[in-house]
2 protein chains.
Amino acid sequence: MNIGEIAKRSGVSRSTVSYALSGKRPVSENTRRRIQAVIDELGYRPNATAKALKEGRTRTIGLVIPPASQRLTEMQLGFVASVVDAAARADLDVLLSPSGGEHDRSFERVVGGRRVDGVILMEIRLEDDRVTRLRQSGLPFVGIGRTSRPDEMSWVDIDYETLISQCVHHLADLGHRRIALVNRSTELMAAGYGPAHRAQAGFDQAVAERGLEGVRTCCADDARAGVSCVARLLADHPDLTAIATINETAMPGMYRAIERAGLTVPRDFSIAGVAGRHWAENLHPPLTAADVPADELGAQAVDLLIRQISDPAAPHRGALVSPPISLRGTTGPAPAR
Amino acid sequence: MNIGEIAKRSGVSRSTVSYALSGKRPVSENTRRRIQAVIDELGYRPNATAKALKEGRTRTIGLVIPPASQRLTEMQLGFVASVVDAAARADLDVLLSPSGGEHDRSFERVVGGRRVDGVILMEIRLEDDRVTRLRQSGLPFVGIGRTSRPDEMSWVDIDYETLISQCVHHLADLGHRRIALVNRSTELMAAGYGPAHRAQAGFDQAVAERGLEGVRTCCADDARAGVSCVARLLADHPDLTAIATINETAMPGMYRAIERAGLTVPRDFSIAGVAGRHWAENLHPPLTAADVPADELGAQAVDLLIRQISDPAAPHRGALVSPPISLRGTTGPAPAR
DNA sequence: TTGTATGCGTTATCAC
DNA sequence: GTGATAACGCATACAA
């Protein structure tokens, strides 16, 4: 079923059908109706592939996610959801590309084959091959996250450095002197994952500014790791009274370890972090945290991308988001010892 | 950068370049090398859109998910992840379509515009317009879930009816006489959502078979709803000793309500259900549940779809999965009252 | 108001 | 072993 068939059955030329559909040229009411009748009868829909080839754009954006096998964090899911939603609102489809490993067929298909008009890149590292590849490809792209040279691209990002610093200052204000940072996994750290490094930098700086005793530790992205990580932390540093963290997924486990150590939050121990609002609220007790507006970030990324697509020559833009910390009751005065 | 440019620079015709790339016709080692050199130098990649138009297939599958705005459950995420992974293994890309509301542009674009070679449909209702639409479109599709007439399509599904029935029998074996079913939301029930209806059917049947007192209730898909739902349940039915549930997302809240009522699991109260393994294991305490193998189901759906695509005339197939219940310690003998 | 002709980038048929 | 050429289905510049 193609436009030629419709034309034949309506007794007009293909271009007339095309124009009747697009409205880019006046078509007499009479023929328009005749054409529409045939279209309705046969259930004709223009072939999107042919249209894309002709117009030179696919009306599709690529969303590069971490390999699905390694379960996505709540926040990453929030990004995916909001990107998909925002794209749908703009009548754009989303092509998913699970990437992140280096030798990557899916990524190369999407980017090299020009299957999309632009790309949104998640989980960016400080040095990221995919950014290099996208830059050379000339395809518009926006990062959720940024490399160590943010000027080279458009991006939206969470200001982990500032946020963790603020958490530490908040805890210091409450009298805590010995604070631990529970970061993301050692692997991500080693891979140069931006948020992990920036959180650490913010932590180090705040600890130095306030003359605190800071302990840094990495923790895998799951509840079980959270348990063992915090258990070890409490064993090794018995005088620890607070934790700052960006590791959403490990949080339930961290709670559990604190509880098992016989400590009550926030009376004996405080905890503050960075997490999606929904996640922070649903912890038990709800976590004092900087609420990352995942939906806004995704929408903003789509927005920036659409802008880049419509004007590829436009200068890069970056948007650093640092939401306020919502007090929810997991932080309190440092216990007297 | 297109194939003509490569041909010109290599001093051969476009067809030779095409054949050098596809290997579908012998090309002399010499010219092959010359062509490859030019390709490498210019970083040429065949345009996927043009290829799709010519070949009549897009090497893309559509994945129809519930609107992202309503957060997906852990299990749904598992399906998405496994579908994306399985598709990537088969060198297929995945186009996401957030659908489910009725007036649906994204769905229509993907299906009507033939942007994909086939579709995987999630969250199917007993009567589902999208199934009707897909059937009439002639596009191969596979459901994760099935309508009330399973013969009309290919699908993979979880046997909620049997699984919930088994949960009830297990609880009855332990001496429980008054058991509640915590189902999915009233809205899903009203919308004719298969799992909710089938779980209820399985519950009713098992309750009847064992001569138990059964209470059925719906519960929205979040922890908070789980709390209020179970709190009400315990208030209205003080002699309740067990719950069977398929509502993953509400489970943490259900635990909380039971705890707040001063009951200890499994000593005072038992709970069993259907959930993803990862989810069940990470509850605290880990839930006795039928472990839904989301990854297997997704992979199987992709498999079925690929089969449908390569042989559209092949008969429909259905696969009903009913994983065994893993005892994890949230069920115990009914308390003496 | 409508029709004809061309090209988007590719693959594949036919000819040499 | 290689080249010219015709589609794939659409949009649009050019004619009438």
Side-chain angles (χ1 to χ4, degrees), chain A residues 1-36 38-39 42-60 93 109-117 137-139, chain B residues 1-36 38-39 42-60 93 109-117 137-139:
Chain A
M1 187 51 39
N2 58 32
I3 201 172
E5 187 66 23
I6 303 297
K8 195 185 302 175
R9 302 213 193 195
S10 321
V12 297
S13 73
R14 291 182 322 194
S15 55
T16 301
V17 177
S18 179
Y19 284 119
L21 245 29
S22 71
K24 293 189 181 175
R25 178 167 100 171
V27 171
S28 83
E29 187 52 24
N30 209 308
T31 54
R32 208 198 51 71
R33 247 204 295 274
R34 223 171 48 244
I35 291 170
Q36 192 58 49
V38 176
I39 286 177
L42 301 188
Y44 165 75
R45 293 285 175 203
N47 179 306
T49 304
K51 179 180 260 187
L53 177 59
K54 175 63 186 167
E55 295 188 334
R57 61 172 169 178
T58 60
R59 297 183 185 279
T60 304
D93 288 317
R109 266 201 313 271
V110 170
V111 174
R114 310 205 83 86
R115 304 204 46 153
V116 298
D117 298 334
S137 83
L139 208 57
Chain B
M1 188 52 40
N2 59 31
I3 201 171
E5 186 66 23
I6 303 298
K8 194 185 302 175
R9 302 213 193 194
S10 320
V12 297
S13 71
R14 291 181 319 193
S15 50
T16 301
V17 176
S18 178
Y19 285 119
L21 246 30
S22 71
K24 293 188 181 175
R25 180 167 99 171
V27 171
S28 84
E29 185 53 23
N30 208 307
T31 53
R32 206 196 54 70
R33 248 204 294 274
R34 224 172 46 244
I35 291 170
Q36 191 58 51
V38 176
I39 285 178
L42 301 189
Y44 163 76
R45 294 286 176 202
N47 180 305
T49 304
K51 182 181 248 182
L53 177 58
K54 177 60 187 170
E55 294 188 331
R57 62 172 167 177
T58 61
R59 298 186 185 277
T60 304
D93 288 317
R109 267 202 311 273
V110 170
V111 174
R114 308 206 84 86
R115 305 204 44 152
V116 298
D117 297 336
S137 82
L139 208 56

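Every chain is numbered from 1 and lettered A, B, ... according to where its sequence line falls, protein lines coming before strand lines.
No side-chain donor-acceptor contact under 3.5 Å links B/Arg32 and B/Thr16. Of the N and O atoms on the side chains of A/Asp117 and A/Thr58, at least one donor lies less than 3.5 Å from an acceptor on the other residue. The closest side-chain donor-acceptor pair between B/Arg25 and B/Ser18, if any, does not fall under 3.5 angstrom.
Shown here are the side-chain contact (heavy atoms from CB on, under 4.5 Å) partners of B/Ser10, two or more places apart in sequence or in another chain: B/Ile6, B/Val12, B/Ile35, B/Val38. Remark: B/Arg14 pairs with no residue by the salt bridge (Lys or Arg N to Asp or Glu O under 4.0 Å) rule, at least two apart or across chains. Among residues two or more places apart in sequence or in another chain, the salt bridge (Lys or Arg N to Asp or Glu O under 4.0 Å) test is passed with B/Arg57 by none.
Electrostatic pairing of B/Asp93 and A/Arg115 counts as a salt bridge here, judged by a charged N lying under 4.0 Å from a carboxylate O.
Whole-Å rounding puts the A/Arg33 CZ to C/dT1 P distance at 14 Å. The distance from atom NZ of B/Lys51 to atom C1' of C/dT10 is 9 Å, rounded to the nearest whole Å. For B/Asn2 and C/dG7, the CG to P distance is 14 Å, given to the nearest whole Å. Distance, B/Ile3 CD1 to C/dC8 P: 14 Å, rounded to whole Å. Rounded to an integer number of Å, the gap from CE of B/Met1 to C1' of C/dG9 is 13 Å. Regarding B/Arg14, its CZ atom lies at a distance of 14 Å from the C1' atom of C/dT13, rounded to whole Å. Between the CZ atom of B/Arg59 and the P atom of C/dT10 there is a distance of 15 Å, rounded to whole Å. The interatomic distance linking A/Ile35 (CD1) with C/dT1 (P) rounds to 13 Å, in whole Å.
End-to-end axis angle of the helix from C/dT1-D/dA16 to C/dC16-D/dG1, from C1' rotation axes over five pairs per end: 50° (rounded to 10 degrees).
For B/Lys54 against C/dT10, no side-chain N or O and base N or O form a donor-acceptor pair under 3.5 Å.
Applying a 4.0 Å cut-off to non-hydrogen atoms, the residues of residues 19-29 of chain B that approach DNA chain C are B/Tyr19, B/Lys24, B/Arg25, listed by residue number.
Smallest separation of non-hydrogen atoms from B/Asn2 and B/Tyr44: C-CE1, 3.6 Å. In terms of heavy-atom proximity, A/Arg114 sits nearest to B/Thr49 at O-OG1, 4.1 Å. Closest approach of B/Ala7 and B/Val17 over heavy atoms only: CA-CG2, 3.6 Å.
Note that the first and last nucleotides of DNA chain D, 5' to 3', having any atom under 4.0 angstrom from a heavy atom of chain B are D/dG1 to D/dG9.
Looking at heavy-atom distances under 4.0 Å, A/Thr31 makes contact with sugar-phosphate atoms alone, never a base.
Nearest-nucleotide assignment on DNA chain D puts the 5′-proximal partner with B/Gly11, out of B/Gly11 and B/Ala50.
Residue B/Arg45 places its CZ atom among 12 or fewer non-hydrogen atoms of other residues, nucleotides or ligands, all under 6.0 Å distant.
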